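Treat the numbers as computed from the prediction; the structure is a model and nothing was measured.
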Amino acid sequence: MTAEEEAVFVKLSVLLKPDDPEAISSEPKDKDDSWWETDAQYHSMYLDRKDEIQKENSDFLASHPEVRQMCNDFLMHLLQRKPDDVYAEAQTFFGNLENA
């Protein structure tokens, strides 16, 4: 299996539940990364898992409104300061929260 084919397999296997007994074959159908989009079964599995993940994420955000507020606060912080290094600024910003 080439590195490209392995990358496709990894991308698709992430969509499976960890306890899902059905696994995707380790042999992709061809070298095109979008082969699974034309396979009705795999595409259906993808869409089902995508919907499930979106629902789980929405439920999590609904039960934790502080996450949205933290994101809003950080975004405003970035827009006000306009730092050159956003990653360093994020480390400083969220590091300060840890000490609060």
Side-chain angles (χ1 to χ4, degrees):
M1 181 183 303
T2 67
E4 186 177 297
E5 292 169 336
E6 190 172 322
V8 172
F9 175 71
V10 170
K11 287 179 192 175
L12 289 173
S13 64
V14 168
L15 296 173
L16 293 175
K17 294 180 188 176
D19 59 345
D20 192 349
E22 181 181 349
I24 295 176
S25 168
S26 62
E27 293 299 321
K29 296 183 191 253
D30 58 33
K31 292 185 179 187
D32 181 18
D33 282 352
S34 61
W35 64 265
W36 59 272
E37 292 177 348
T38 57
D39 185 307
Q41 180 181 0
Y42 286 117
H43 192 68
S44 177
M45 288 170 53
Y46 166 78
L47 293 175
D48 291 346
R49 184 66 178 135
K50 179 181 167 186
D51 290 343
E52 186 177 328
I53 290 170
Q54 285 178 335
K55 170 104 173 67
E56 289 171 0
N57 291 345
S58 293
D59 291 348
F60 177 81
L61 290 175
S63 64
H64 297 283
E66 68 275 11
V67 172
R68 188 173 303 273
Q69 186 59 50
M70 284 175 46
C71 290
N72 288 341
D73 290 347
F74 179 59
L75 183 58
M76 288 304 299
H77 176 85
L78 290 177
L79 293 173
Q80 289 171 351
R81 295 178 188 236
K82 297 176 181 47
D84 291 330
D85 188 349
V86 175
Y87 292 109
E89 195 68 27
Q91 189 173 27
T92 302
F93 180 83
F94 289 109
N96 290 338
L97 289 178
E98 183 177 69
N99 297 329

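Distance check: Thr92 OG1 to Glu89 CD gives 5.5 Å after rounding to the nearest 0.5 Å. Atom CG in Leu47 sits 15.0 Å away from atom OH in Tyr42 (nearest 0.5 Å). Taking CD of Gln80 as the start and CE of Met76 as the end, the distance is 5.0 Å to the nearest 0.5 Å.
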Taking only distance into account, with no hydrogens and no angle test, what donor-acceptor pairs under 3.5 Å do side-chain atoms of residues 65-75 form with protein atoms, sequence neighbours excluded?
from  : atom 1 : to    : atom 2 : distance (Å)
Glu66 : OE2    : His64 : ND1    : 3.1
Gln69 : NE2    : Asp73 : OD1    : 2.7
Asn72 : ND2    : Arg68 : O      : 3.4

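Between Asp59 and Lys55 a salt bridge is recorded (basic side-chain N to carboxylate O distance below 4.0 Å).
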(request) Please lay out, stage by stage, how Gln54 and Asn57 fare under the test side-chain contact (heavy atoms from CB on, under 4.5 Å). (result) CA-CA 5 Å; Gln54 285 178 335; Asn57 291 345; 5.8 Å; no
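Ile53 and Leu61 fall into different hydrophobic clusters, where Ile, Leu, Val, Met, Phe, Trp and Tyr are joined by side-chain heavy atoms under 4.5 Å apart, directly or via other members.
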